[in-house]
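Beneath this line is the structure, given in structure tokens, with notes to follow.
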Amino acid sequence: MRSALHLSKAEVSPRVSAKNHRQTRGGGAAWPYFMPAVVVFTIIVVVPILWTLVVSLFKWNGIGGMKFAGLANFQHMISDPVFRQAFVNNLIFTLLGTCAQMFGGLVMSLLLICIEHFRNFMRTVYFVPCVISSVAISQIFSQLLAVSPPGVFNSIIQAFGGQPHAFLSDPKLALVLVTLIDAYKFAGIYMVIYYAALQSVDQEVLEAALIDGCNWWQQLIYIRIPLIRAVVEVSMVMLVSGCLKGFDVSYVLTAGGPGSSSELVSTYLYKTIFLSGNFGYGSAISVFLAVECLVAIWILRKLFGKDE
Amino acid sequence: MNMKKMHPGKATQGIVYAIIAVIALVQIYPIIWVMLSSLKTPTELTNGLSYQLPKGIYFGNYARAFSQSNLLRYLLNSSVVAVVTIVVTIALGAPAAFAIEKLRFRGSGKVMSYLLLGLLVPSFAALLPLFEAFNKIGINNTYLALIIPQMAFNLPMCVYLYAGFMKDIPDSLLEAGWIDGASTWQVFTNIVLPLSRNTTVTVITYNFVFIWNEFVFANTFMTSPEMKTLPIGLNDFVGMFGQTDLGATYSAIVVSMIPTLILYFFLNKQVIAGMAAGAVK
């Protein structure tokens with residue numbers, strides 16, 4: 001397996017090794033390789049975020065001067081009913097979305113490992129919504145759920161003699177629909193992750209269990225699922241942080257409405273900045289969202305006892 | 001006999017196949033539906049039931065979608081942004097991963113953690129300052145306005161994917177290169193990059209799907225009609241024609257999906273690997 005170029009450590013003379021050591025571990029020769037990325041990342045990601053932090057302490061509409069306001073924007077946030085609703089909606093969106101995608105992904109992946117044929121085909125099919133833009137997905141569902149002309153859902157309801165229902169204008173349903181459509185788009189990713197993990201469970205362990213008299217279901221419940229626990233935990237971190245940042249479906253499908261029934265923190269901050277021109281307050285909400293994401297991940301890490 | 005027991009019994013499998021088929025149908029139906037609906041004639045769309053199959057194949061909707069909107073222009077914009085962004089991201093990300101994983105300078109772990117912070121914070125936190133800065137230097141409504149932020153925000157994932165792969169390249173291979181007199185840059189371009197080819201394909205496909213579908217930056221920085229990308233153009237088009245011309249709307253939706261779908265069907269292994277590795281929305 002050794003390539004022609006291959007030399008083991010012992011074959012490298014100490015002098016050359018020491019030179020390489022200085023060259024590679026000393027830091028001098030490494031910086032041209034990583035500095036461009038670090039500089040670009042700092043200027044375009046880190047500095048703007050710090051600037052947002054500064055702006056959040058000012059009253060500013062973008063045109064006039066900036067007036068220092070201390071924590072006034074944050075105080076306003078606490079008493080703003082729309083923000084409070086957006087925050088609660090965000091938590092519901094995250095909780096429901098995480099559960100839906102995790103269980104959806106788990107069920108789909110478990111079903112896939114049960115069968116002997118068509119696994120790759122099915123995996124491909126399940127994953128299709130993940131490669132389509134959320135704008136396209138939102139527009140498709142907006143047509144499927146439409147009242148006039150009736151989309152598929154309302155056509156079926158009418159075919160059974162029911163009254164058509166304006167699903168997306170129903171304040172009780174809007175948030176749930178937004179959450180489920182977002183989950184529909186992304187569930188395939190988690191199916192793929194769990195499927196890969198389930199596949200990689202050591203065959204010998206499974207065979208040993210078989211010899212000990214475990215049937216297939218017992219293998220699943222006592223061996224396979226416990227063995228992929230770490231993967232499920234990691235995916236939960238990805239899911240929670242992804243859902244907290246959720247934006248597209250709510251913005252495109254319902255624009256946060258009706259009223260603010262499907263407003264998320266991200267859609268509210270976007271409207272505050274770019275539609276109302278309230279830069280200071282919008283920045284404060286941005287800071288809140290960033291902190292919320294970091295805190296959520298920190299809590300999850302603590303919960304799973306990860307000290308990375 | 002042993003192998004048989006690795007799977008559940010025949011009867012159970014039959015039920016499982018049926019459930020899988022139903023879920024697959026639910027998963028794929030909205031996409032098939034919009035494709036079929038885009039082929040219906042205007043009369044079918046207004047008089048027929050929305051779940052019926054089209055009676056024939058009618059391309060008039062596509063003709064109208066292309067003539068009433070800048071779809072071609074949007075396609076071009078999305079392609080330019082995607083291609084340039086991917087090239088720049090890899091040009092910055094691959095060497096960084098190489099330095100972090102293979103040159104192992106002091107503090108390389110810290111550099112990695114610093115870059116990975118980008119996966120945790122929402123891009124919204126940088127949106128307003130970028131918008132203001134781009135306005136000041138006058139690059140809103142140019143390709144740069146999308147290439148710059150997309151490149152920077154996709155960089156962490158790119159470095160992460162490359163670093164994960166480069167970790168497994170044996171050090172001795174690089175040392176051999178150095179002994180043969182190759183410079184570090186030559187070792188990187190002649191040994192490490194060619195070995196990382198699969199990762200490069202993964203990074204390209206992963207980034208392509210994300211950049212092509214990106215909404216927030218494009219919606220904020222590209223306001224002039226001819227600079228919009230496909231998702232934004234599609235959104236505007238539906239806003240204008242959504243109620244009056246369903247056929248053209250369906251066609252525009254299909255056109256916006258086609259490039260990523262084609263890429264997916266050719267490279268589905270890499271797309272799946274890339275998305276699974278970086279499923280940070």
Side-chain angles (χ1 to χ4, degrees), chain A residues 5-8 12 16 20 24-25 27 29-30 33-34 36-38 40-41 44-45 48-49 51-52 111 114-116 122 124-128 130-133 135-136 139-140 144 150-152 155 189 192-193 210 216 238 242 245 247-248 252 266 269 273 279 283 286 289-290 293-294 297, chain B residues 5 7-8 13 16-17 19-20 24 27-28 30-31 34 49-51 92-93 95-96 98-99 103-106 111 115 118 120-122 124-126 128-130 148-149 152 155 172-173 175-176 178-179 184 209 213 215-216 231 234-235 238 253 256-257 260 264 268 272 275-276 279-281:
Chain A
L5 276 170
H6 188 100
L7 283 172
S8 76
V12 180
V16 178
N20 274 339
T24 56
R25 315 255 151 133
Y33 293 87
F34 71 85
V38 169
V40 161
F41 181 75
I44 299 159
V45 177
I49 289 173
W51 182 238
T52 297
L111 287 170
C114 285
I115 59 171
E116 283 171 271
M122 284 304 167
T124 308
V125 167
Y126 282 149
F127 201 77
V128 166
C130 302
V131 301
I132 294 172
S133 74
V135 173
Q139 299 299 1
I140 293 172
L144 284 173
V152 170
S155 297
I189 293 178
V192 163
I193 294 174
L210 206 62
W216 194 88
M238 299 191 328
K245 298 179 219 170
F247 177 85
D248 297 13
V252 173
S266 60
L269 82 83
I273 293 175
F279 287 11
S283 295
S286 309
L289 183 63
C293 286
L294 295 175
I297 292 166
Chain B
K5 275 211 177 159
H7 290 281
Q13 278 212 19
V16 171
Y17 275 114
I19 300 171
I20 285 180
Q27 193 77 350
I28 206 76
I31 291 140
V34 75
L49 290 165
S50 52
Y51 53 78
L92 290 172
F98 169 66
L103 302 182
R104 261 177 247 117
F105 53 94
R106 204 189 308 177
V111 171
L115 290 176
L120 303 181
V121 281
F124 297 100
L128 174 64
L130 287 176
I148 290 172
L155 199 54
S172 47
L173 218 56
E175 277 158 19
W178 275 309
I179 289 163
T184 303
V209 170
N213 295 336
F215 181 74
V216 180
L234 170 65
N235 208 27
V238 177
I253 295 174
S256 83
M257 307 190 307
T260 46
Y264 177 55
N268 71 67
I272 285 178
M275 298 283 277
V280 180
K281 287 181 251 170

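Letters A, B, ... mirror the listed sequences (proteins, then strands); counts begin at 1.
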Worksheet item: How many angstroms lie between atom OH of Y126(A) and atom CD1 of I20(B), to the nearest 0.5 angstrom?
Response: 4.5 Å

Item to complete: Flag the one option from I148(B), L115(B), V34(B) with the top tally of heavy-atom pairs under 4.5 Å to chain A.
Response: L115(B)

Worksheet item: Who wins among P30(B), A24(B), G93(B) for the most heavy-atom pairs under 4.5 Å with chain A?
Response: P30(B)

Response to the item:
Smallest heavy-atom separation, V40(A) atom then A152(B) atom, equals CG1-CB, 4.3 Å

Discussion item. Would L289(A) and V121(B) count as a side-chain contact (heavy atoms from CB on, under 4.5 Å) here? Give the steps.
Written reply: CA-CA 9 Å; L289(A) 183 63; V121(B) 281; over 6 Å; no

Item to complete: Measure the spacing between OH of Y17(B) and CD of E116(A) and express it to the nearest 0.5 Å.
Response: 6.0 Å

Fill in: Donor-acceptor pair, side chain of S50(B) and main chain of V152(A), under 3.5 angstrom
yes

Fill in: Among W51(A), F41(A), F247(A), residue most engaged with chain B (heavy-atom pairs, under 4.5 Å)
F41(A)

Discussion item. Applying ring-ring contact (aromatic ring centres under 6.0 Å, His included), can you list everything that pairs with F98(B), at least two apart in sequence or on another chain?
Written reply: Y33(A), F188(B)

Fill in: Separation between OG of S133(A) and CE of M257(B), rounded to the nearest 0.5 Å
9.0 Å

Worksheet, complete the sentence: Turns out that what part of V45(A) lies under 4.5 Å from chain B's heavy atoms comes down to both

Worksheet item: Where is the tightest heavy-atom contact between L120(B) and I297(A), given as atom of each residue plus distance?
Response: CD2-CD1, 3.4 Å

Discussion item. Which one wins on heavy-atom pair count under 4.5 Å against chain B: V252(A), V38(A), L294(A)?
Written reply: V252(A)

Worksheet item: For V128(A) and Y264(B), which heavy atoms make the closest approach, and how far apart are they?
Response: CG2-CE2, 3.7 Å

Worksheet entry | Whether T260(B) side chain and V131(A) backbone form a donor-acceptor pair below 3.5 Å | yes

Worksheet item: What are the two closest non-hydrogen atoms of L103(B) and A30(A), and how far apart are they?
Response: CD1-CA, 3.7 Å

Discussion item. Between N268(B) and chain A, with a heavy-atom cut-off of 4.5 Å, which part of the residue counts as in contact: side chain, backbone, both or neither?
Written reply: side chain

Worksheet item: Which answer fits I44(A), side chain, backbone, both or neither, if we ask what part of it has an atom under 4.5 Å from a heavy atom of chain B?
Response: both

Discussion item. Counting only non-hydrogen atoms closer than 4.5 Å, does C130(A) touch chain B with its backbone (N, CA, C, O), its side chain (CB onward), both, or neither?
Written reply: both

Response to the item:
Rounded to the nearest 0.5 Å, the CG atom of L128(B) sits from the OG atom of S286(A) at a distance of 7.5 Å

Worksheet item: If we only count heavy atoms from C-beta on, is the F124(B) to L269(A) side-chain gap below 4.5 Å?
Response: yes

Worksheet entry | chain B contact via P150(A) - which portion, at a heavy-atom distance below 4.5 Å | backbone

Worksheet item: At their closest point, which heavy atom of C114(A) faces which heavy atom of V16(B), and how far apart are they?
Response: CB-CG1, 3.8 Å

Discussion item. Less than 4.5 Å apart, side chain to side chain, heavy atoms only: is that true for S256(B) and V135(A)?
Written reply: no

Worksheet item: Which atom pair, heavy atoms only, marks the closest approach of I115(A) to Q13(B)?
Response: CA-OE1, 4.1 Å

